[in-house]
Structures are given as structure tokens and as C-alpha cells.
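Here is the naming used below: chain letters follow the sequence lines, and residue numbers restart at 1 for every chain.
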Amino acid sequence: MADSQPVRIPVNSIKTLPKLAGTIVLVGPPNAGKSTLFNQLTGLRQKTANYPGVTVEKKQGRLRAGNVLLDAIDLPGIYSLSPASLDERIAVDVLLGRQHATQRPDGILAVLDATRIQQGLYLLRQLLDLQLPLVVALTMTDASQRRGLRLDIPALAERLGVPVVPVVATTGENLEQLRSALAEIPHTPTSQRSHSWPALQAAARAVLAKAPPRTSISQVEIERALIDQHSSLAVELAASLGQSAVTELATQSQQLFAAAPALATEARYGHGWARDQLQGLTGDSGFVSTIWNRMLTFAQQPVPAMLLFFVVMFMVFQAVFAWATPLMDGIDYVMSGLGQWVQSLLPAGLVSSLIVDGIIAGVGSVIIFLPQIMILFLFIIMLEDSGYLARSAFLMDRAMRALGMSGQSVIPLVASFACAVPAIMSTRVIATPRERLATILATPFITCSARLPVYALLIGAFVPATPYGGFNLQGMVLFGLYLLGIFGAGITALIVNKLLSRGEHTSFVMSLPDFRVPNIRTVLMQLLDRVRVFLRRAGRVIFVVTVIVWALAYFPRSEPAAIQTASDSSVAETRQNEQAAAQLENSFLGRAGKFVEPVFKPLGWDWKVSSAVIAGFPAREIMVAVLGTIYAVGDQADEQTLAQRLTESTWPDGRTVFTLPMVLGLLVFYALCLQCVATIAVMRRETNGWRWPVIAWVYMTSLGYLSALLIFQLFS
Amino acid sequence: MTLAELRTGERAEITSINTHDPTVLRLMVLGLVEGVSVVQGKSALGGDPLEVHVAGCALSIRREQARCFEIKQ
């Protein structure tokens with residue numbers, strides 16, 4: 001009788017799942033707090049990919065607004081709809097619904113900085129004319145109050161005809177109010193606001209009237225083409241507009257702008273409009289937090305800012321060694337425990353060796369550097385988020401120009417302490433092509449996080465941790481290697497400049513953000529993102545290479561079932577080690593290593609080191625994984641760490657392989673060499689050809705080889 | 001007198017702009033247009049570039065470009 005009873009659930013107790021109701025885009029000037037707000041709104045429901053065909057990041061997430069869900073896209077920062085770089089062009093294309101594989105947005109969340117409200121309104125005027133539902137989030141209202149600025153927000157919203165919600169993105173204040181304003185977007189009809197610039201609208205309508213009937217081109221697109229007559233948008237539109245519309249476009253533009261550049265006319269008009277909107281709404285509140293302001297002013301002055309920069313950089317390298325050690329010991333303990341556990345479970349042989357000597361030893365030897373890499377990234381993200389990097393770009397402009405770069409090169413150069421790939425992408429902000437090329441060729445010299453495992457392993461094993469005046473010698477050697485990278489970058493930029501300079505005009509235009517305390521949430525989210533990328537690499541590329549290297553070292557087997565399980569006689573153990581070493585020497589890897597050994601012998605490298613270096617050419621950190629695998633296969637796996645095994649490694653005649661001159665040479669080789677396929681690929685994409693990546697590879701590899709040769713021969 | 005000659009802490013109004021230098025257009029978009037009031041900030045090491053404050057934001061501008069902006073105090 002119980003089974004015949006249907007289960008009844010009262011309808012009102014079923015929670016209706018929120019429906020996906022559309023896509024909104026977050027738009028705003030750079031440094032307006034857009035990403036912080038995006039993180040606050042979407043939480044962990046976000047993903048980062050690239051726009052198709054280009055290396056511009058597309059940050060997408062999903063947010064709850066009232067009882068609906070909205071897809072949100074965080075666009076690159078823009079000051080206006082006239083793009084000056086690739087990132088900005090993508091942002092404008094998405095807004096105009098011209099970006100391939102990205103849906104035209106259903107609404108806009110404009111994120112404007114209250115302290116720079118006029119600059120924000122300049123962009124907002126152009127956004128309003130897109131005639132999409134729009135909500136304004138006003139950020140930095142706390143900073144604006146500290147500066148003694150007053151803004152009548154309800155009156156501004158009234159004038160603009162759109163909701164304006166003041167938010168404090170760092171604390172999440174007023175976020176609910178913003179969510180309910182966003183919830184209205186799907187219900188807002190495509191608006192018919194009065195146009196902010198009637199003359200431009202009339203001109204665009206006149207052009208559209210001459211266009212072929214049923215054209216898919218919108219009035220807004222024509223408006224942008226009228227302003228930016230030589231942009232890629234204008235060129236693309238001209239192709240589909242037809243001759244009479246193109247003629248009309250030229251006539252209208254002549255009438256509207258006469259001889260002045262259209263962009264200058266728009267700038268005058270737009271800033272005039274912005275001033276009119278603010279008329280009578282802003283003022284001095286009389287409240288100024290002077291201590292904070294004085295601190296800011298002091299820290300932003302040239303000399304204190306430079307000193308602070310060097311102190312911070314020095315602390316980073318100390319921290320990388322001092323703070324990471326306990327964490328690394330922990331990972332090491334877990335990894336070797338895991339190896340022993342697997343070994344105890346499986347019978348000795350192929351499978352056991354693959355898992356223990358190949359995968360665990362190889363991948364583990366890279367994973368162990370995760371704490372150091374996290375510390376490095378943490379500092380770089382904080383420097384960026386605090387506005388410090390932008391300020392250094394300004395301060396260093398003159399010095400950078402002496403080297404043939406621009407102040408804006410500082411940002412890619414600092415970013416390449418983490419990785420040269422995003423750094424090379426970020427050179428797009430540099431307006432002068434020669435300065436940009438010099439920066440692209442200089443960045444791979446800067447010590448990236450992939451060099452860190454190699455440095456850490458070799459320094460940790462061969463440089464004594466003697467304290468000198470409170471600082472650890474290992475940290476100082478590491479700092480020296482970083483300086484070498486900076487030096488190499490500078491010299492290279494100087495050479496490029498000498499060879500290519502034609503005395504052209506250069507420019508350096510950027511908005512300088514105030515210093516601010518980095519937002520913990522934003523910093524952690526970015527850190528998490530970087531860690532994910534690192535682990536994915538360790539999980540894929542390094543995993544595959546490790547297994548291949550293990551196989552090359554394991555096959556062909558010299559004697560069938562030669563290695564027996566441990567015997568307690570020490571004679572047997574020695575014999576066993578000799579057997580294993582002979583096996584490795586006769587393996588494919590051993591033969592290949594022996595083949596290239598003559599090339600690297602003058603540098604003091606035996607065939608094991610040579611084959612690890614060769615394997616490391618696609619990606620530097622693989623070298624550590626390969627050393628891990630080679631030395632795990634060579635020795636009978638015991639509790640020794642990789643560093644210990646390296647110290648005990650000898651030439652056939654019993655001399656130590658890892659002497660101090662050899663290690664120093666190897667470190668310098670790594671400091672100067674371009675061993676990174678990803679960097680080469682991004683160089684090719686950003687310079688449109690193979691010429692510069694090939695030149696860079698040959699130049700850097702020869703420089704590395706010759707320096708290592710010099711050091712080994714001089715000091716041995 | 002041009003923007004390049006303004007001293008730290010001094011205020012002036014932009015009267016006319018030489019728009020023949022294309023890099024100047026970008027500065028105009030950022031707010032340096034005729035009629036606005038600007039305050040000269042501290043210049044970077046070596047006296048170049050300059051920091052110019054306009055409508056609540058700080059812009060970095062090289063001396064070479066600053067010469068395109070005519071001002072009156």
C-alpha cells in the first residue's frame with residue numbers, strides 16, 4: 001500500500017531556478033575598478049579565454065541580478081570608442097556587435113571612477129548613443145570623499161536619464177542595489193534617448209539613406225566611421241556601403257569637421273558635454289583627509305617612489321627563498337612519501353618505474369617550486385593593482401628612452417619577471433613601433449618564473465646559505481642573476497635602438513592612477529588564475545615530456561630483469577648502482593646525450609646535463625623535471641633528493657661534474673638563453689613574422705653558450 | 001607660452017592646440033582641450049615627462065607634446 005502512494009510536493013515550495021536573461025558588458029576607463037567589481041558580482045563563476053584569433057583575454061562570468069541570471073563580459077579598459085590599441089579595438093567591436101563569436105550585448109554596465117568623473121562622462125556620452133539599456137556604477141566614491149570632492153549623484157542620474165549606483169567595490173557596499181538595477185535591463189526596451197550630438201546623428205542618417213536597402217550596418221557604426229575615417233572599422237564599412245554612401249560619408253565629414261581632425265572636434269564636443277552635465281552638481285565638501293593625502297603625495301614623488309621600488313624588488317627575492325622553504329619541504333615530503341608508497345604497492349618493473357621514477361619524480365620536481373612562484377606572482381600582482389607600476393612607467397620614461405624604450409616598457413618588463421608571454425602581449429600599449437620592438441626583444445632576458453626552478457635547484461644545492469650582514473648568500477646570488485637579466489635586457493634594447501633608429505617622433509601618453517591599497521579579493525583571484533595556468537602546464541606539457549624522457553632513459557633494456565630487489569649486502573648494492581648507470585648510458589637518452597656531449601663538454605657539462613638542457617629548450621623548467629627523471633633512473637631510488645644526487649654526480653674518472661664554475665656557467669646560460677616555445681610563438685604573432693623570433697633565438701642562445709664557456713674556462 | 005613652460009604647482013588655461021601632431025589627439029580625448037584649467041604636477045626624474053592634472057586626473061605627457069598646447073595663466 002505504501003508504494004502506490006504518489007509523492008506530492010506543494011508547488012510553492014519548489015524554488016524556481018533563475019533564468020538566463022541576457023548578456024551585459026562591463027565597460028569603463030582603465031583603473032576604474034572594473035575588474036574588482038566584476039569579481040564581486042560574478043564570484044567564482046567566471047572563466048578566461050582568448051577572443052578568437054587574437055591574444056586578448058576575454059573574461060566572462062555569470063551574475064545574479066534579482067531573480068534572473070546575466071552573462072557578463074569584462075571588456076578591456078577604454079577611454080573612448082576610438083580605439084588606439086588591439087585590446088581597445090576588441091572592446092569597441094564587442095560593443096558595436098561586430099566581434100566574431102561574441103553576441104551583441106543586451107545592456108551595458110558602465111563603471112566610472114568618481115574621482116575622474118569628467119573623463120568617465122566623456123566615455124559615457126558615446127556609450128549612451130549606442131542606445132542600449134545602461135546602468136552606471138560609480139566607483140571610488142570613498143576616495144573621492146577623502147579628497148574633499150562632492151557630487152550630487154541623484155541629480156546626475158536625473159540628468160543622464162540612467163540609473164547611477166555608487167558602489168564601493170572593495171567592500172561590496174551597495175552591490176544589492178546595483179544588482180536590482182541590472183535586473184531591469186532585460187525589461188528595458190531598446191531605448192530612444194535623444195542623441196547627445198544631433199549634428200553627428202543627422203550626418204550618419206544621411207549616409208545611411210544612401211546605403212543599399214536592408215543593409216545590416218547600424219547608424220552607430222556610421223557615426224564611428226565618420227569620426228575615425230581611417231580606422232579598420234571605416235575601411236570595412238566602406239566595402240559594403242556602396243559608392244554613393246561612401247561619397248556621402250566624405251561630404252558629411254567635410255561639412256561637420258572642415259579642416260580640423262574629426263577626433264579633435266569630438267574631443268572638444270565631448271568634454272564640453274561632460275562639463276555641461278556636471279554643471280552645478282560638483283563642489284568641495286570641505287572634508288579632506290590630510291594625512292592620507294600627504295602620504296600619497298610623498299610616496300608619488302620621484303625619489304621616494306624610486307627608493308620604494310628597489311626596496312620592494314629586493315624584498316621579493318629575499319621572500320622567494322625565505323618564506324617558501326617550509327612549504328617546499330612540505331611538498332617534497334608528500335611527493336617522496338607518495339613515491340615510496342606507490343613503490344611498496346607495485347611489483348618492481350616497468351609500471352613501477354614509470355610511475356615513481358618518471359611521473360612522480362619528474363612532475364614533482366617542478367610542482368615543488370609552486371610556493372616560490374606564488375610569492376613572486378603575489379608581489380607582481382600587488383605592484384600592478386596598487387597603481388605602482390603605472391607610476392614607475394612615468395618615472396622611468398626618460399631612463400627607458402635612453403635605452404630606446406618607452407616608460408610604458410616598464411610594465412611589460414616587470415610583468416616578465418612572471419612570464420614573458422603576457423609581457424610581450426602587453427607591449428601593445430607602446431605607441432612607437434621601434435620602442436615596442438626593442439621592448440619585445442628585451443623582455444625574454446628578464447628572469448621569468450620558469451627560470452626560477454632551475455636557479456632554485458642549483459643555488460639551493462651548490463651555494464652555501466651563509467648569512468652576510470643579515471642577508472642570505474643564496475638570496476644574493478639569485479638577486480645577481482636577476483640583475484644580469486635586467487642588464488641583458490637593457491643592452492639588447494640599446495642595440496636595437498642603435499640599429500633601427502630613424503629619429504621619428506615618439507609619444508608617451510598615459511593616465512596616472514593614484515596609489516591605492518590592493519584589493520585582497522582581486523589579488524587572490526588573479527593569483528589563483530596564475531596558479532591554475534602553472535599547474536595545467538605541469539600537468540600537461542611537463543607530464544608528457546617527463547614520460548617521454550623516462551621512456552628514452554628506460555629503453556632499450558640492457559639485460560633482462562637485471563635489477564633485483566634490495567639486498568642488504570653493500571657489495572650487491574654497489575653492483576646494482578653500477579648496473580643501473582650502465583643501463584642509463586646505453587639507453588636512447590644516454591646515446592643522444594653522448595652524441596651532443598662534445599658540444600657542451602667545453603662548458604663542463606656531461607651527457608646527463610647536456611640532454612637535460614636539450615630537453616629544456618621547449619620550456620626551461622622541463623630541465624629540472626628531466627634531471628629529476630634521469631637521476632632517479634640512474635640511481636637506485638632511495639630517499640635522496642635531487643639536489644643531493646647532483647652533488648654526488650661524477651665524470652667516469654671520478655671528478656665531480658657540478659663544480660662551482662660549471663654551476664655558475666649553467667646558471668648564466670639559463671639567464672641568457674631563449675628556451676621557451678611559447679615566447680617564440682607570441683613574438684612571431686606580435687611582430688607578424690619569423691624574422692624577429694629567429695634573430696632573438698640565435699642571438700640569445702649564442703650569448704648564453706659563449707658566456708657559460710667563458711665562465712667555465714676562466715674559473716676552472 | 002606653452003604647457004612645457006609651466007612650473008610645478010602653477011595653474012593655467014589651455015587656449016589653443018596644435019593638432020598636427022597625431023599623438024596630441026589622444027591627449028585631447030583624455031581631457032586636454034581648449035578652455036580647461038590645468039595644474040602642473042611634479043615632473044619625473046630628469047624633468048621629462050611631465051605630470052599634468054586636469055579635471056581630477058593625472059596625465060603623463062612628454063615635453064615634446066606639451067609644446068603643442070598654448071596656455072595663458
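- For chain A, the nearby part of B:Leu50 is the backbone; its heavy atoms alone come within less than 4.5 Å.
- Heavy-atom pairs under 4.5 Å with chain A were tallied for B:Pro49, B:Cys57, B:Gly56, B:Ala55; the largest tally goes to B:Pro49.
- Between chain A and the residues B:Thr19, B:Leu30, B:Leu25, B:Thr23, the most heavy-atom pairs under 4.5 angstrom are made by B:Leu30.
- Only the backbone of B:Ile61 comes within contact range of chain A, with heavy atoms under 4.5 Å apart.
- Ring geometry for A:Trp197 against A:Tyr269 counts as parallel: the plane angle stays under 30°, on a 0 to 90° scale with 60° as the upper cut.
- In this structure, a donor-acceptor pair under 3.5 Å is present between the side chains of B:Arg11 and B:Ser37.
- Judged by distance alone, with hydrogens and angles left aside, the side-chain atoms of B:Gln40 form a donor-acceptor pair with the main-chain N or O of B:Leu3 at under 3.5 Å.
- The most heavy-atom pairs under 4.5 Å with chain A, out of B:Gly47, B:Gly31, B:Ser60, come from B:Ser60.
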Task: Working for side chain to side chain contact (heavy atoms under 4.5 Å, CB included), residues B:Phe69 and B:Thr2 - done: CA-CA 5 Å; B:Phe69 294 86; B:Thr2 70; 5.9 Å; no
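- A salt bridge links B:Arg26 with A:Glu88: at least one charged nitrogen is closer than 4.0 Å to a carboxylate oxygen.
- For the set A:Ala390, A:Ser80, A:Pro29, A:Pro261, the count of heavy-atom pairs under 4.5 angstrom toward chain B peaks at A:Pro261.
- Annotation: maximal heavy-atom pairing with chain B below 4.5 Å, among A:Gln118, A:Arg275, A:Met510, A:Met396, occurs at A:Met510.
- Contacts of A:Ser406 with chain B are made by both backbone and side-chain atoms, with heavy-atom separations under 4.5 Å.
- At a threshold of 4.0 Å, the pair B:Arg62-A:Asp397 counts as salt-bridged, since one of the basic side-chain nitrogens sits closer than that to a carboxylate oxygen.
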